[in-house]
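Let me begin by presenting the structure, written as structure tokens, before commenting on it.
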Amino acid sequence: MTRFQLRRAMIAGVALLAVAGVSAPASAQFGFGGIVYDPTNYAQNVLTAARSLQQINNQIQSLQNEASSLINDAKNLASLPFSSLQQLQAQVRQTQQLLGEAQRIAYDVQQIEQAFSSRYRNIDLNASDQALVDGAQDRWETSVAGFEDALKVQAGVVGNIDGARTAMSNIVGASQSATGALQAAQAGNQLLALQSQQIADLTALLAAQGRAQALESARDAAAEAQGREQFRRFMTRSGN
């Protein structure tokens with residue numbers, strides 16, 4: 001066997017021992033062309049490099065996880081790009097304006113007390129016939145104005161339905177495309193705002209209708225009292 005073949009056989013034996021899990025003696029060193037080769041040291045270096053590579057991979061994975069967490073946090077803190085607040089506030093202001101345009105008797109407690117005291121509750125039955133007729137005419141016009149105001153509010157509420165439909169469609173669309181917790185919460189808040197606006201419209205409508213019915217009922221009561229007085233006068237004149 002030549003010297004070259006002997007070296008190849010020795011290297012193969014060391015490799016076989018390494019694969020089989022058998023460590024070569026610490027003193028087992030081979031020289032090739034002036035270069036000393038230590039199989040044990042080489043194996044340790046390879047193992048150390050593998051462990052270092054695994055640590056680097058773990059650190060890279062940790063950084064990726066932190067980046068994903070930061071991205072999710074950013075999404076959760078992102079504001080909803082759509083807001084229906086101004087539209088809903090405009091609709092509420094429109095309804096308030098209609099209520100503020102109430103004719104003759106406004107939605108004011110003090111004014112209502114004064115009007116009912118002078119026009120409905122304490123009618124001067126000793127007044128002249130013309131004064132009684134004028135009072136009845138005034139109360140009739142107030143009732144008509146009340147019903148007109150109620151119809152205006154009703155028309156305004158009906159007009160707000162289309163705006164509410166548009167707002168609801170936009171809010172639901174924004175909610176479905178929400179990318180984070182904050183956007184989802186803001187979409188929910190806007191749906192609550194829409195519901196509040198619709199409740200405000202319903203409250204205004206009920207108030208206007210109730211006002212008109214109350215004025216009409218008060219007019220009927222006053223007309224009954226005035227009718228008795230006018231009938232008494234008629235009978236008195238007829239007896240004379």
Side-chain angles (χ1 to χ4, degrees), residues 75-123 134-224:
K75 290 181 179 180
N76 289 330
L77 295 176
S79 298
L80 196 68
F82 167 77
S83 175
S84 61
L85 181 60
Q86 293 184 351
Q87 178 183 356
L88 298 178
Q89 287 179 335
Q91 293 178 355
V92 172
R93 285 194 297 268
Q94 180 180 356
T95 303
Q96 288 179 326
Q97 181 179 356
L98 291 173
L99 293 176
E101 294 174 354
Q103 306 173 68
R104 304 177 73 85
I105 299 179
Y107 292 91
D108 181 79
V109 175
Q110 184 176 0
Q111 185 177 355
I112 290 174
E113 289 179 350
Q114 294 175 352
F116 268 72
S117 177
S118 60
R119 303 181 191 177
Y120 297 93
R121 187 184 303 114
N122 300 320
I123 300 176
D134 292 341
Q137 178 70 20
D138 178 74
R139 290 187 292 273
W140 177 82
E141 292 177 356
T142 300
S143 295
V144 172
F147 284 114
E148 182 182 357
D149 293 337
L151 289 175
K152 289 180 179 179
V153 174
Q154 183 180 14
V157 171
V158 172
N160 286 341
I161 292 177
D162 185 65
R165 179 190 61 79
T166 301
M168 181 174 60
S169 177
N170 292 332
I171 294 172
V172 172
S175 174
Q176 292 176 344
S177 61
T179 59
L182 179 59
Q183 289 189 359
Q186 289 178 338
N189 291 337
Q190 291 192 41
L191 286 174
L192 292 176
L194 173 60
Q195 185 180 31
S196 300
Q197 181 267 325
Q198 292 175 325
I199 292 176
D201 274 356
L202 180 60
T203 302
L205 179 59
L206 293 176
Q209 291 179 340
R211 172 178 176 270
Q213 293 173 356
L215 290 174
E216 180 63 13
S217 297
R219 186 183 74 86
D220 290 341
E224 182 178 355

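Small disclaimer: the values here were computed from a predicted structure and weren't measured.
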Minimum heavy-atom distance between [X] and [Y], given as atom pair plus value:
{"X": "A167", "Y": "Q87", "value": "CB-OE1, 3.9 Å"}
{"X": "K152", "Y": "L98", "value": "O-CD1, 3.6 Å"}
{"X": "Q103", "Y": "R211", "value": "O-NH2, 2.8 Å"}
{"X": "Q91", "Y": "G163", "value": "NE2-CA, 3.3 Å"}
{"X": "L205", "Y": "A150", "value": "CD1-O, 4.4 Å"}
{"X": "A222", "Y": "I123", "value": "CB-CD1, 3.4 Å"}

If you round to the nearest 0.5 Å, how far is [atom2] of [Y] from [atom1] of [X]?
{"X": "I171", "Y": "L192", "atom1": "CD1", "atom2": "CG", "value": "9.5 Å"}
{"X": "Q209", "Y": "F147", "atom1": "CD", "atom2": "CZ", "value": "10.0 Å"}
{"X": "R139", "Y": "Q137", "atom1": "CZ", "atom2": "CD", "value": "10.5 Å"}
{"X": "Q195", "Y": "M168", "atom1": "CD", "atom2": "CE", "value": "11.5 Å"}
{"X": "S117", "Y": "I112", "atom1": "OG", "atom2": "CD1", "value": "13.5 Å"}
{"X": "T166", "Y": "I161", "atom1": "OG1", "atom2": "CD1", "value": "12.0 Å"}

D220 meets the side chain to side chain donor-acceptor pair (under 3.5 Å) criterion, sequence neighbours left out, with none
Those residues at least two apart in sequence (or on a different chain) that pass side chain to side chain donor-acceptor pair (under 3.5 Å) with R165 are D162
Hits for ring pair (Phe, Tyr, Trp, His ring centres under 6.0 Å) against F116, two or more places apart or cross-chain, chain-then-number order -> Y120
| said: Using the rule given for side chain to side chain contact (heavy atoms under 4.5 Å, CB included), can you reason through N160 versus Q197, listing the C-alpha separation, both sets of side-chain angles and the distance that settles it, and then say yes or no? | reply: CA-CA 9 Å; N160 286 341; Q197 181 267 325; 3.9 Å; yes
Going by atom types only, do Q186 and Q190 share a side-chain donor-acceptor pair under 3.5 Å?
-> no
**Item:** Candidate pair L151 and E148, rule side chain to side chain contact (heavy atoms under 4.5 Å, CB included), full reasoning
**Value:** CA-CA 5 Å; L151 289 175; E148 182 182 357; 5.7 Å; no
| field | Beyond-backbone contact of V157 with L202, side-chain heavy atoms, under 4.5 angstrom | value | no
Next item on the list: State, yes or no, whether a side-chain contact exists between Q198 and D201 at a heavy-atom distance under 4.5 Å.
Entry: no
